[in-house]
Amino acid sequence: MRASQLFFPTLREIPAEAELASHRLLLRGGFIRKLSAGVYSYLPLGYKVIKKVEKIIREETDAAGGQELLMPALQPAELWQETNRWEVDTLFKLKDRADRWHALGMTHEEVITDIVRHDVRSYRELPLNLYQIQTKFRDEPRPRGGVIRGREFIMLDSYTFDRNDEELDLSYRKMRAAFARSFARCGIDFLIVEAESGAIGGKDNQEFTVITPAGEDSILHCKECDYAANAERCEVADRGYEPSNEPAKPIQAVDTPGAKTVEQVTGFLKTKPENLVKTLIYVADGKPIAALVRGDRELNEAKFSRNLDIYKLEMAGPELILELTGAEVGFSGPVGLKGVRIVADYEVRSMANFVTGANKTDTHYVNVNIGRDFNVDEWADIKVASDQDPCPRCEGVLQAERGIEVGHIFKLGTKYSEAMGATFLDEDGKEKPFIMGCYGLGVSRMLAAVSEARRDDDGIIWPVSIAPFEVVILLLNPLDEAQAAAAVRIYEELQNRGIDVLLDERDERSGVKFKDADLIGIPVQVVVGRLASEGKVEMRLRWDKQNKREVALNEATDEIAAAVQAEKRKLLDEADKYTV
RNA sequence: CGGGGUGUAGCGCAGCUUGGCUAGCGCGCCUGCUUUGGGAGCAGGAGGUCGAGAGUUCAAAUCUCUCCACCCCGACCA
């Protein structure tokens, strides 16, 4: 491709709407343009990257036994009603001319299960892995970061159907390896973390997360044993939380007028949130329950429910809190609390002389102590994990990091097959529901994740595998005949070798060409300038621009091709670390 | 949905507090000449419903009200 013919509107100035570096660079480099909040066009450069990512994930998913198909984005409401997901609030809904409701597909468990329940009857047809790469629609409450979280985005979604849990486990491990290999080939470091399954449901699930401060997910990672989990899921060991040996001071009620939040109370009492115990009143399966966590911690409702076998958990309303505690919201505490089961986070055990609500409006207790002032019915892991918490798998300590979720894989089990009556006839002659798995990879989000992870002050640094071009030739002075001839010669030779090359022969000053090449992040740069008259060109790599090499024109094509191959090889070697 | 912020030329911004003459600046864009190793110089030029609507006023980008869009934080997140 010749740059003079290529539509790549680069911007000199930073668009005001973009906060994240990746978002700014994608806009400035002419990769994407916004249509409305969370809805983006992929311009030629951006779409080239997407197509290269798609090629990689197709190859890897095919290698894992996947077969590509394409399902409709427009789906009848009845299908979603079968699995009780019609009410999911991020589902885009619309009516047709006959007043019938439809959804725009946010994910395709329903459609794929519908196909399979009609057309797969026997265990002999299993295992089955069907996938597609398609545009998804989700009415996100808050789109953000450009293509990081859009309302319309491109995703690979794969679905596996197996006879039993062992077979599902194999399908799952194959897809996990396929995803890991895909991300490695796209040149990014990632962590595989334990996660919550959300509305997709199912049992085991893991996320692929690119660690970067700009990420929207909070991740806890143990450096000792490689345990990694999303904060929404992460467990905390009951270790190091010994009862305090600090002498107990006399409990005392103090007036805290109007102080309801932790900040207000601790500010008023001139103490710190670490010195307060929050008492959160819930209704668990119809019974009141109090959850105690340290003032600067958050309750993790998912863990709370799971670890206490709660099926339905709801926060208590103001009336119920008044009835149970005798006080307004904000003044609940464990001391003297009757008829409410008290569950405390492990961490609370090591606290002494702390602050709690006094179950009396505008009053708190100070110097509260466990055992003397109240008793805990049960200790449990119920807080949102945070930095420096004890690792649940080893003796290590968890570290907090931020990450962008680029893939999420689930063992669904029979959640959808049972709800939709999707069964097969097994070897033993019995009708059984399919054991399903599903695997999602955010294709358009990869633009953001890779450019966030691989960049410098000048622009993006694409890996050669998904760069919009593998090589850019900077023809500095197109009017100089020796330069022009040399550039065109290398351009044509590289094209003949199947290398994706951009020839920048625009009538622009050299500075413009250098800036643009850096901004759009082509990995191999070939500078054709004054040295052309001596039969030489200059070669350098985007991430190591100072390190230029002069190459004889006759050898240039070989050298450049070798550099491209070497970079590709590195990425494949990285991918080969992952196996089933 | 709660909190904060922003809407003025393709992009980045000033002007608004204290209403007033033809709405400015930089970049980009068009034409010509010169220039060509890190976002060129000179000269000329095009480009605006000041987010929308209503109101106050002799007069509104500027004051008031309503609405809309977008961004950030939170909630949420398949």
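Keep in mind that the numbers below use all heavy atoms, side chains included, and drop hydrogens, waters and symmetry copies.
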- request: Before accepting this row, confirm whether a basic side-chain N of the pair A:Lys411/A:Asp169 lies closer than 4.0 Å to the acidic partner's carboxylate O.
  value: yes

Electrostatic pair A:Lys415-A:Glu109, nearest N-O below 4.0 angstrom: no

- prompt: Which nucleotides of nucleotides 25-37 of chain B have their base under 4.0 Å from a protein heavy atom (B), which only their sugar-phosphate (S), and which neither (-), written as one string 5' to 3'?
  reply: -BSS------BBB

query: Mind checking the C1' distance from B:A23 to B:G47? Whole angstroms is fine.
result: 14 Å

message: For B:A59, give the paired nucleotide (Watson-Crick: N1-N3 plus N6-O4 or O6-N4; G-U: N1-O2 and O6-N3; both under 3.5 Å), or none.
response: none

Using a cut-off of under 3.5 Å, enumerate the N/O to N/O pairs linking the protein to nucleotides 68-73 of chain B.
residue : atom : partner  : partner atom : Å
B:C70   : OP1  : A:Ala37  : N            : 3.0
B:C70   : O3'  : A:Lys34  : NZ           : 3.0
B:C70   : O2'  : A:Lys34  : NZ           : 3.4
B:C72   : OP1  : A:Gly145 : N            : 3.3
B:C73   : OP1  : A:Arg144 : NH2          : 3.4
B:C73   : OP2  : A:Arg142 : NH1          : 2.9
B:C73   : OP2  : A:Arg142 : NH2          : 3.0

- prompt: If you measure from the Lys or Arg side-chain nitrogens to the Asp or Glu carboxylate oxygens, is any gap between A:Arg542 and A:Asp456 under 4.0 Å?
  reply: yes

- line: Those residues at least two apart in sequence (or on a different chain) that pass side-chain hydrogen bond (donor to acceptor under 3.5 Å, both in side chains) with A:Arg58 are A:Glu68

message: Say we look at B:A9 and B:G45: how far apart would their C1' atoms be, to the nearest angstrom?
response: 15 Å

field: G-U wobble or Watson-Crick pairing nucleotide for B:C1 (cut-off 3.5 Å, both distances)
entry: B:G74

Same-atom distance (C1') from B:A61 to B:G48, integer angstrom: 11 Å

Sidechain N-carboxylate O distance under 4.0 Å for A:Arg233, A:Glu194: no

Polar pairs (N or O, both sides) under 3.5 Å between protein and nucleotides 6-9 of chain B?
none

- line: When both distances are under 3.5 Å in a Watson-Crick or G-U wobble arrangement, the nucleotide paired with B:G10 is B:C27

message: Counting only Watson-Crick pairs (N1-N3 plus N6-O4 or O6-N4) and G-U wobbles (N1-O2, O6-N3), all under 3.5 Å, who is the partner of B:U22?
response: none

statement: Scoring nucleotides 47-53 of chain B by protein non-hydrogen atoms under 4.0 Å (B base, S sugar-phosphate only, - none) yields -------

- prompt: Which part of the nucleic acid, if any, lies within reach of A:Asp89 when heavy atoms closer than 4.0 Å are counted: base, sugar-phosphate only, or nothing?
  reply: nothing

Only distances under 3.5 Å count here; give the side-chain donor-acceptor pairs of residues 5-23 of chain A to other protein atoms, sequence neighbours excluded, each with its distance to 0.1 Å.
residue : atom : partner  : partner atom : Å
A:Thr10 : OG1  : A:Asp516 : OD1          : 3.0
A:Glu17 : OE1  : A:Lys34  : NZ           : 3.3
A:Ser22 : OG   : A:Glu452 : OE1          : 2.6
A:His23 : NE2  : A:Tyr40  : OH           : 3.2

task: Taking atom P in both B:U64 and B:U6, compute the distance separating them and give it to the nearest angstrom.
output: 14 Å

- prompt: Which part of the nucleic acid, if any, lies within contact of A:Asp518, taking any heavy atom under 4.0 Å across all strands shown: a base, the sugar-phosphate backbone alone, or nothing?
  reply: base

- prompt: Do the charged groups of A:Arg306 and A:Glu196 touch, with an N to O distance under 4.0 Å?
  reply: yes

Pairwise 5' ranking along RNA chain B for A:Glu298 and A:Pro15, keeping only the more 5' one: A:Pro15

query: If the C1' atom of B:C65 is compared with that of B:C25, how far apart are they to the nearest Å?
result: 33 Å

